[in-house]
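Here's the structure, in structure tokens; my notes come after.
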Amino acid sequence: MAERITPRSQDYSQWYVDIVLKAKLADYAPVKGCMVVRPRGYALWERIQSVLDAMFKETGHSNAYFPLLIPESFLKREAEHVEGFAPELAVVTHAGGEKLEEPLVVRPTSETIIWSMYKKWVQSYRDLPLLINQWANVVRWEKRTRLFLRTTEFLWQEGHTAHATEAEAAEETLRMLGVYRRFAEEFLALPVLAGLKSDSEKFAGAVRTYSIEGMMQDRRALQAGTSHFLGQNFAKAFDVAFQTKEGGLDFVWATSWGVSWRLLGALIMTHSDDKGLVLPPAVAPTEVVVVPIYKNDTKDKVVEFARGFHRRLREHLRAEIDDDDANSPGWKFSEWELLGVPVRVEVGPRDIDAGKVVLARRDTGEKISVDAASAPERIRELLAEIQTSLFERARSFRDKNTFKAESFEELKAIFDGEGGFVEAGWCGAVECEAGIKEATKATIRALPLDSPGASGSCVSCGKQAVVRAVFARAY
RNA sequence: CGGGCUGUAGCGCAGUUGGUAGCGCGCAUGGUUCGGGACCAUGAGGUCGCCGGUUCAAGCCCGGCCAGCCCGACCA
């Protein structure tokens, strides 16, 4: 039977859920809000991990691991931090058959336990910088969950760095934002807007929060990664001071930054279509699949050829072959499209006789017949083309749906319509930000880093703007 | 935490005025097929979300509970 995917035009949310379930990326777990990542989804996460991890190492970071359970009192040391996270904590009160003296919080993020350790490890400027990342699971008891985008438990990485100077920490914050941006654009083919968060959107306990924001196909924004400049907030809360080179005593300057498996949600909602998943080749666990097409009398010849061809492909590519007898070629075509494999090779008796194979692109559906001998090279070119083309397509969609608004009426009109990213002047007042959210459901996604700065008047109150802000409805 | 919807085979669903459960897909076996989701035959698979009530009899009626998803407010 056709595994029907709800079309995007009919119900975008349901389309997203259908893709996740039917492309076998994940499934609902028995616990509310929790999700099982299936092998096809986990393979994607592993690709993300391996590339990002290499980028972190290149920028001087090392991996470590801190415990899942955090003494409840640690969370309370930083006032804003506890206020921000308290409502969504899972707390262990009993263990080993007894009530615990002090409840243990299942980490919603690891700043507090990490800074409690940094206190032991940092005495001198010679101990700095401390550049540590961890790959971990965290738990946040969210009211409303969505596969990959917001689950009760999720996998992520969190970098936590300690520096001797404010400037160095500020530089680190932006460096890692840059790493995220480059990773999103070059690897995931996601064009992202990099910028500063407004105070109301910043991380609980941060001085400044930066993020990268992608535009999904429904024109809503998705925060795809964050990098926080924490100032000396956590150093003060955990009393992490060090001897400076000059002999003085100073609190350490900090950053933290993270991306989660939410990136998979961003990938899906940016590139996929009504036939299923569409993956950028760089992230696709399988880059190319070979589908032999045969009748009874040609089966041996075709399968043998296809297997040989597959072996050649495997020398340089992540290649699979689907020579399962149970399904027809048409069924296989649809199935591999659903699973998002970027290039499909079709090999039948006609092709073999002509010394050709057919290459089918997942992103455009286009098919070309090429010489079998040069096909592996042609496939590699095609994969590169697909990678570029997906990025360009997404960027062009985003640019087409990015607007400037000079007045509240203009801004409102855009969000009364299809929405998108709207750049507008902002005076910096929380009342104006809240008023716009009230009227349009759009929030400030970012104050763009490459923005020309203040110009014109605030889109809400009309006073002199201090920054240009990008508004959008967000996930 | 509000609003909506839904719990019946692995999945999607039907089940009439209450009468003791069925369809499609999938799955298993065998055979025929195979260039865009093939077909035939045979077969396996169910404490109808849970508890209680009404009744000779409950998937269906009544009461309560639980769970899940989707939509909002809050968040990666």
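Values reported hereafter were calculated over all heavy atoms of this structure, with side chains retained and with hydrogens, waters and symmetry mates removed. Being a predicted model, the structure only gives us computed values, none of them experimental. By convention in this document, chain letters (A, B, ...) are assigned in the order of the sequence lines, proteins followed by strands, and residues within each chain are numbered from 1.
Of the candidate nucleotides G36(B), A76(B), G37(B), G37(B) has the atom lying nearest to any side-chain atom of S328(A). The side chain of K441(A) has G72(B) as its nearest neighbour among G37(B), G72(B), G35(B). For N296(A), the side-chain atoms get nearest to C34(B) when compared with the rest of C34(B), A73(B), C70(B). Closest contact between the side chain of D351(A) and the listed nucleotides G37(B), G35(B), C70(B) involves G35(B). Considering only the side chain of R140(A), A76(B) comes nearest among A76(B), C69(B), C1(B). Listed nucleotides G36(B), A76(B), C70(B) differ in distance to F333(A); the shortest reach to its side chain belongs to G36(B). Of the listed nucleotides (A76(B), C74(B), A38(B)), A76(B) has the atom at the smallest distance from the side chain of S260(A). Proximity note for S13(A) (side chain, C-beta onward) versus A76(B), G36(B), C71(B): the nearest is C71(B). With A73(B), A76(B), C69(B) as the candidates, the nucleotide lying closest to the side chain of K143(A) is A73(B).
At the heavy-atom level, V138(A) lies nowhere under 4.0 Å from the strands shown. Heavy atoms of L222(A) sit nowhere under 4.0 angstrom from any nucleic acid atom. Backbone-only engagement by E88(A) is indicated by non-hydrogen atom pairs under 4.0 Å involving sugar-phosphate atoms exclusively. Nucleic acid contact class of K332(A) (heavy atoms, under 4.0 Å, all strands): none. Using a 4.0 Å heavy-atom distance criterion, Y28(A) is classed as a sugar-phosphate-only contact. Counting non-hydrogen atoms under 4.0 angstrom, K437(A) reaches the backbone sugars and phosphates but no base. P87(A) comes within 4.0 angstrom of nothing in the nucleic acid, heavy atoms only. Counting non-hydrogen atoms under 4.0 angstrom, E142(A) reaches a base of the nucleic acid. Within 4.0 Å of R146(A), counting heavy atoms only, lie sugar-phosphate atoms of the nucleic acid but no base atom. In this structure, T151(A) reaches the bases: a heavy-atom distance under 4.0 Å links it to at least one base atom across the strands shown.
A straight line from NZ of K299(A) to C1' of U32(B) spans 13 Å, rounded to a whole angstrom. M35(A) places its CE atom 16 Å from the P atom of G68(B), with the value rounded to the nearest Å. Across the protein-nucleic acid pair, W15(A) atom CH2 and C69(B) atom P stand 20 Å apart, rounded to whole Å. Between Q14(A) atom CD and C70(B) atom P there is a gap of 8 Å when expressed in whole angstrom units. Separating the OH atom of Y294(A) from the P atom of U33(B) is a distance of 13 Å, rounded to the nearest angstrom. Atoms CG (D11(A)) and C1' (G4(B)) sit 13 Å apart, rounded to a whole Å.
Side-chain N/O atoms of S198(A) and W426(A) include no donor and acceptor closer than 3.5 Å. Side chains of R445(A) and T443(A): a donor on one and an acceptor on the other come within 3.5 Å. H160(A) and S256(A) share no donor-acceptor pair across their side chains, judged by distance under 3.5 Å alone.
For the pair R473(A) and F415(A), the cation-pi test (distance below 6.0 Å, angle within 45°) is failed.
Comparing the C1' positions of G3(B) and G37(B) gives a spacing of 38 Å, expressed to the nearest Å.
No hydrogens or angles were tested; on distance alone, nothing pairs the side chain of K367(A) with the base of G35(B) as donor and acceptor under 3.5 Å.
With values rounded to the nearest 0.5 angstrom, T255(A) atom OG1 is found 4.5 Å from H163(A) atom NE2.
Each of C34(A) and A326(A) has a nearest nucleotide on RNA chain B; the 5'-most of these lies closest to A326(A). Where A474(A) and R344(A) each meet RNA chain B at their nearest nucleotide, the meeting point lying more 5' is that of R344(A).
The environment of NZ in K301(A) is crowded: more than 12 heavy-atom neighbours from other residues, nucleotides or ligands sit within 6.0 Å.
Using a 4.0 Å cut-off between a side-chain N of Lys or Arg and a carboxylate O of Asp or Glu, D325(A) and K299(A) qualify as a salt bridge.
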